[in-house]
Asker: 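There's a structure below that I have some questions on.
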2 protein chains.
Amino acid sequence: MASQPPTRPALRERYERRRQEVLATAARVFAERGYQATSMADLTEATGLTAGGLYHYIGSKEQLLFGICDDLMAPLLEQARPIAGGDGPPQERLRALLRTWLRHVAAHRDHLLVFAQERHVIEREPQWRAVRRQRREFEALLDDVLAEGERTGAMRFADRRLALLALLGMVNHTAQWFRPRGRLSAEQIADGYCDLLLRG
Amino acid sequence: MASQPPTRPALRERYERRRQEVLATAARVFAERGYQATSMADLTEATGLTAGGLYHYIGSKEQLLFGICDDLMAPLLEQARPIAGGDGPPQERLRALLRTWLRHVAAHRDHLLVFAQERHVIEREPQWRAVRRQRREFEALLDDVLAEGERTGAMRFADRRLALLALLGMVNHTAQWFRPRGRLSAEQIADGYCDLLLRG
DNA sequence: TCTAAGTTCTAGCGGTCGTTCGGTATAACG
DNA sequence: CGTTATACCGAACGACCGCTAGAACTTAGA
């Protein structure tokens, strides 16, 4: 049923570090084969642990997926909040937001691929409310910046809602094709998307 | 092992019609719960058939997925080829292509959601080569139109490859949020994306 | 009407799934 | 040092998986 973090302070850190390793390894395997198609046997092989040892860290397969989603969204939100809430010109805030976002996508490709793959579960099941809220908060941060850009006249959209959805689509899709040593860096991609959205 | 279409011509049509029904029903259930997470028992419940009857039409669960992907890609390609290969101005061909594409996305949301969800399988496994080729051909049709627009000076891209990838991302993502009786029609969305790509 | 083809049913097979649990070795803490 | 929390092991469990065989029923075509 459970995975309990140690109460002894000296062991706490080691446990968390190892747990992160397990999550990252699992994210990689899930991204390759799919969450549902990956068996716990696949994960024991990939982590080097056996079934019992694995469950010492993860609690259940679903909690493992939850951990991956949280590792994706929580740090992204933490970085995005101060940028979106800053007081510079909206178009500069948008550019900074996109660069941070795409760096995060590039660094957490596996996590995002799993997130996108299992979206139907995350959007439907009650136990995924917390993750849904994270996703919605991030989208609201983006929309606020676009809305303020429109208000100040710095941006103009035929349909702001559609522009936001298009942006979400292109950025999330980036995880499908981005390669770390590819032709374009995360920043170049971010600027490319930004120009696509704002030019004219 | 297999599902054999009837040899008698009079029954052939009925068989194909029923088979299409089964595919569409399966696509709906797969889109809701995920391909891997859906059991054959779920499908027997959804189709009204029992296990044996179901296998009379589908051959195997994987062939069922293949059928869904083909129902998505084959008619889209058939519509897209003459538009992309036409001789009007490139920007008009692009607009027509996008409208057709988005009408197709709107009409086959379930199919596209399943396709996107199982992309990791389709892109990796050897037996999915035919579907990969369909996807690549469609992307090539799009890129050809963009390239000719650039050549004739009708379009200008900072990075044409990135523009194509952005376009693919936003359109495919549309299946996630499009609602048949929503605020925007498929054509309005297509025009919105087209303007985003070309304006400036 | 008769026959062969087509359609669907029922029952269940072998295998794999996520998970559990009792155990052992190790390290922290008093 | 002794005690106890921690780390990990590995066999085994019950449930469910995709799929099949074989028979029963229905319909098309001669």
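Worth knowing before you read on, the calculation uses all heavy atoms, side chains too, and leaves out hydrogens, waters and symmetry mates.
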Asker: List every contact pair, protein side and nucleotides 9-14 of chain C side both N or O, where the distance is under 3.5 Å.
Answerer:
from	atom 1	to	atom 2	distance (Å)
dC9(C)	OP2	Thr50(B)	N	2.9
dC9(C)	OP2	Thr50(B)	OG1	2.8
dC9(C)	O5'	Thr50(B)	OG1	3.4

Asker: Using atom CG of Leu43(B) as one end and atom C1' of dC17(D) as the other, report the distance to the nearest whole Å.
Answerer: 13 Å
Asker: Before accepting this row, confirm whether a basic side-chain N of the pair Arg160(B)/Asp143(B) lies closer than 4.0 Å to the acidic partner's carboxylate O.
Answerer: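 So Arg160(B) pairs with Asp143(B) through a salt bridge.
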Asker: Hey, are Arg132(A) and Glu123(A) close enough for a salt bridge, meaning a charged N less than 4.0 Å from a carboxylate O?
Answerer: no
Asker: Could you give all pairs that pass the salt bridge (Lys or Arg N to Asp or Glu O under 4.0 Å) test and reach residues 64-88 of chain B, with sequence neighbours left out?
Answerer: Arg81(B)-Glu137(B)
Asker: What salt bridge (Lys or Arg N to Asp or Glu O under 4.0 Å) pairs are there with at least one residue in residues 162-184 of chain B, not counting sequence neighbours?
Answerer: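 As it turns out, the salt bridge (Lys or Arg N to Asp or Glu O under 4.0 Å) pairs with a partner in residues 162-184 of chain B, which skip direct neighbours, are Asp159(A)-Arg183(B).
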Asker: With sequence neighbours excluded, tell me which residues meet side chain to side chain contact (heavy atoms under 4.5 Å, CB included) with His120(B).
Answerer: Gln117(A), Glu118(B)
Asker: Who passes ring pair (Phe, Tyr, Trp, His ring centres under 6.0 Å) against Tyr15(B), sequence neighbours left out?
Answerer: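 Partners of Tyr15(B) by the ring pair (Phe, Tyr, Trp, His ring centres under 6.0 Å) criterion, ordered by chain and then number, come out as His56(B), Tyr57(B).
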Asker: Write down the distance between OH (Tyr15(A)) and P (dA5(D)), rounded to a whole number of angstrom.
Answerer: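 In whole Å, dA5(D) P lies 16 Å from Tyr15(A) OH.
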Asker: Under 3.5 Å, side-chain donor or acceptor atoms of residues 23-34 of chain B against the rest of the protein: list the pairs with distances, not counting sequence neighbours.
Answerer:
from	atom 1	to	atom 2	distance (Å)
Thr25(B)	OG1	Glu21(B)	O	2.9
Arg33(B)	NH1	Asp42(B)	OD1	3.2

Asker: dT19(C) P sits how many Å from Tyr55(A) OH, rounded?
Answerer: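 Whole-Å distance recorded here is 3 Å.
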Asker: Can you list, in residue-number order, the parts of residues 22-41 of chain B that come under 4.0 Å of DNA chain C, counting heavy atoms only?
Answerer: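 Contacting residues: none.
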Asker: Roughly, in whole Å, what's the span from CD1 in Ile58(B) to P in dG18(D)?
Answerer: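 To the nearest whole Å, that distance equals 10 Å.
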Asker: For nucleotides 23-30 of chain D, which of its nitrogen or oxygen atoms have a protein nitrogen or oxygen under 3.5 Å away, and what is each distance?
Answerer:
none

Asker: Separation of Tyr57(B) atom OH from dC19(D) atom P, in whole Å?
Answerer: 18 Å
Asker: Can you list the residues that meet the side chain to side chain contact (heavy atoms under 4.5 Å, CB included) rule with His108(B), with sequence neighbours excluded?
Answerer: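 His108(B) satisfies side chain to side chain contact (heavy atoms under 4.5 Å, CB included) with Leu72(B), His104(B), His111(B) once adjacent residues are dropped.
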Asker: Within the structure, does a side-chain N or O atom of His56(A) lie under 4.0 Å from either OP1 or OP2 of dA7(D)?
Answerer: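 Yes, such a contact exists.
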Asker: Can you list everything that forms a side chain to side chain contact (heavy atoms under 4.5 Å, CB included) with Ala106(A)? Sequence neighbours excluded, please.
Answerer: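 Per chain and number, Ala106(A) pairs via side chain to side chain contact (heavy atoms under 4.5 Å, CB included) with Phe178(A), Ala186(A).
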Asker: Who pairs with Tyr193(A) by ring pair (Phe, Tyr, Trp, His ring centres under 6.0 Å), at least two apart in sequence or on another chain?
Answerer: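 Tyr193(A) satisfies ring pair (Phe, Tyr, Trp, His ring centres under 6.0 Å) with no other residue.
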Asker: In whole angstrom, give the distance that lies between atom NZ of Lys61(A) and atom P of dC17(C).
Answerer: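 Checked: the NZ to P distance equals 9 Å.
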Asker: Kindly write out the residues that satisfy side chain to side chain contact (heavy atoms under 4.5 Å, CB included) with Ala37(B), not counting sequence neighbours, or none if the list is empty.
Answerer: Gln36(A)
Asker: Just how far, in rounded Å, is C1' of dA27(C) from CD of Glu13(A)?
Answerer: 16 Å
Asker: Quick one: is Thr7(A) getting a side-chain N or O under 4.0 Å of the dT6(D) phosphate, OP1 or OP2?
Answerer: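 Checking dT6(D) against Thr7(A), a side-chain N or O does come within under 4.0 Å of OP1 or OP2.
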